[in-house]
Amino acid sequence: MAGGPGSGKGTQCEKVVAKYGYTHLSSGDLLRAEVASGSERGKQLQAIMQKGELVPLDTVLDMIKDAMIAKADVSKGYLIDGYPREVKQGEEFEKKIGAPSLLLYIDAKSETMVSRLMKRGETSGRADDNEETIKKRLDLYYKATEPVIAFYEGRGIVRKINSELAVDDVFAEVSKAIDALK
Ligand SMILES: Nc1ncnc2c1ncn2[C@H]1C[C@H](O)[C@@H](COP(=O)(O)OP(=O)(O)O)O1
Ligand SMILES: [Mg+2]
């Protein structure tokens with residue numbers, strides 16, 4: 001699942017997991033868990049994330065791979081949230097793990113994303129939900145992540161979802177795209 005910060009990926013992923021039972025992997029959550037552990041690697045990651053930058057490619061990919069392997073026995077499939085963030089990450093993912101079967105592109109306007117993130121920031125406790133970092137994350141999204149969508153469009157696996165709608169209406173579109181896989 002791809003989309004800008006605050007587009008609603010986390011919200012939709014939670015609903016997909018509840019309905020389809022896929023294993024949910026959020027690169028952001030994995031990284032934040034590492035930060036919370038207080039490890040040396042976590043401290044370095046926190047500094048990068050606080051600036052709104054992307055953490056090194058191999059770090060994220062290794063964390064995703066480890067998490068996938070840990071669930072390999074019981075998983076009905078994997079739902080990856082917020083990765084790849086740049087085309088190179090997508091290429092590395094295919095080399096080390098495999099090709100995805102569907103890219104759900106959760107699309108919202110930048111004003112919508114900013115206002116959702118500002119609101120989320122009131123309660124999320126996330127160091128990157130502040131006005132300055134939000135701006136940087138959006139810039140980076142348009143520069144680095146949007147090309148990822150074009151990359152997968154070339155493979156015919158992108159389904160664009162209008163995330164300006166209410167959560168349940170967005171989810172109806174998401175469900176349709178997943179059901180079409182079967
Ligand atoms: N369709 C929708 N309508 C209104 N608010 C939404 C929404 N989808 C998500 N939100 C809210 C929930 C969060 O407070 C905020 C960001 O959503 P999120 O799921 O955390 O986004 P992401 O994981 O893409 O950064 O917006
Ligand atoms: Mg999220």
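Just so we're clear, the structure is a prediction, and the values are computed from it rather than from any experiment. Counting convention: from 1, in listed order, for ligands and their atoms alike.
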**Message:** Check whether S163 reaches the backbone of I106 with its side chain - one donor and one acceptor, N or O, closer than 3.5 Å.
**Reply:**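 Here the side-chain-to-backbone pair does not exist.
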**Rounded distance (nearest 0.5 Å) linking atom CD of E53 with atom NZ of K136** =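 With rounding to 0.5 Å, CD (E53) is 7.0 Å from NZ (K136).
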**Item:** Nearest-0.5 Å distance that lies between atom CD1 in I134 and atom CZ in R126
**Value:**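 So the CD1 of I134 and the CZ of R126 are separated by 9.5 Å.
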**Asked** Is the NZ atom of K19 crowded by more than 12 outside heavy atoms at less than 6.0 Å?
**Response**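 Atom NZ in K19 is crowded, with more than 12 foreign heavy atoms closer than 6.0 Å.
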Top protein contact for [atom], by heavy-atom distance:
atom                    : value
atom 19 (O) of ligand 1 : T11 OG1, 2.6 Å
atom 13 (C) of ligand 1 : R120 CD, 4.0 Å
atom 3 (N) of ligand 1  : R116 NH2, 3.2 Å

**Asked** Any idea which of G8, S163, S124, A108 brings a heavy atom closest to atom 21 (O) of ligand 1?
**Response**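 Shortest heavy-atom distance from atom 21 (O) of ligand 1: G8.
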Between [X] and [Y], does at least one N-O distance fall below 4.0 Å, as a salt bridge requires?
X    : Y    : value
R137 : D129 : yes
K176 : D179 : no
E92  : K95  : yes

**Message:** Taking 4.0 angstrom as the limit and counting only heavy atoms of G10, give me the atoms of ligand 1 inside it, by number and element.
**Reply:**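 In order of number, 19 (O), 22 (P), 23 (O).
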**Item:** Atoms of ligand 1 close to G4 [distance to a heavy atom under 4.0 angstrom, numbered from 1]
**Value:**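 In order of numbering, the contacting atoms are 24 (O).
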**Prompt:** Would G3 count as a contact of ligand 1 if the rule is a heavy atom under 4.0 Å away?
**Reply:**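 Under 4.0 Å: no for G3.
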Are any of the N/O atoms in [X] less than 3.5 Å from those in ligand 1?
X    : value
L165 : yes
G6   : yes
A166 : no
D81  : no
L117 : no

**Single hit among V60, L140, T145, I48 for side-chain contact (heavy atoms from CB on, under 4.5 Å) with L54** =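 The side-chain contact (heavy atoms from CB on, under 4.5 Å) with L54 is passed solely by L140 among V60, L140, T145, I48.
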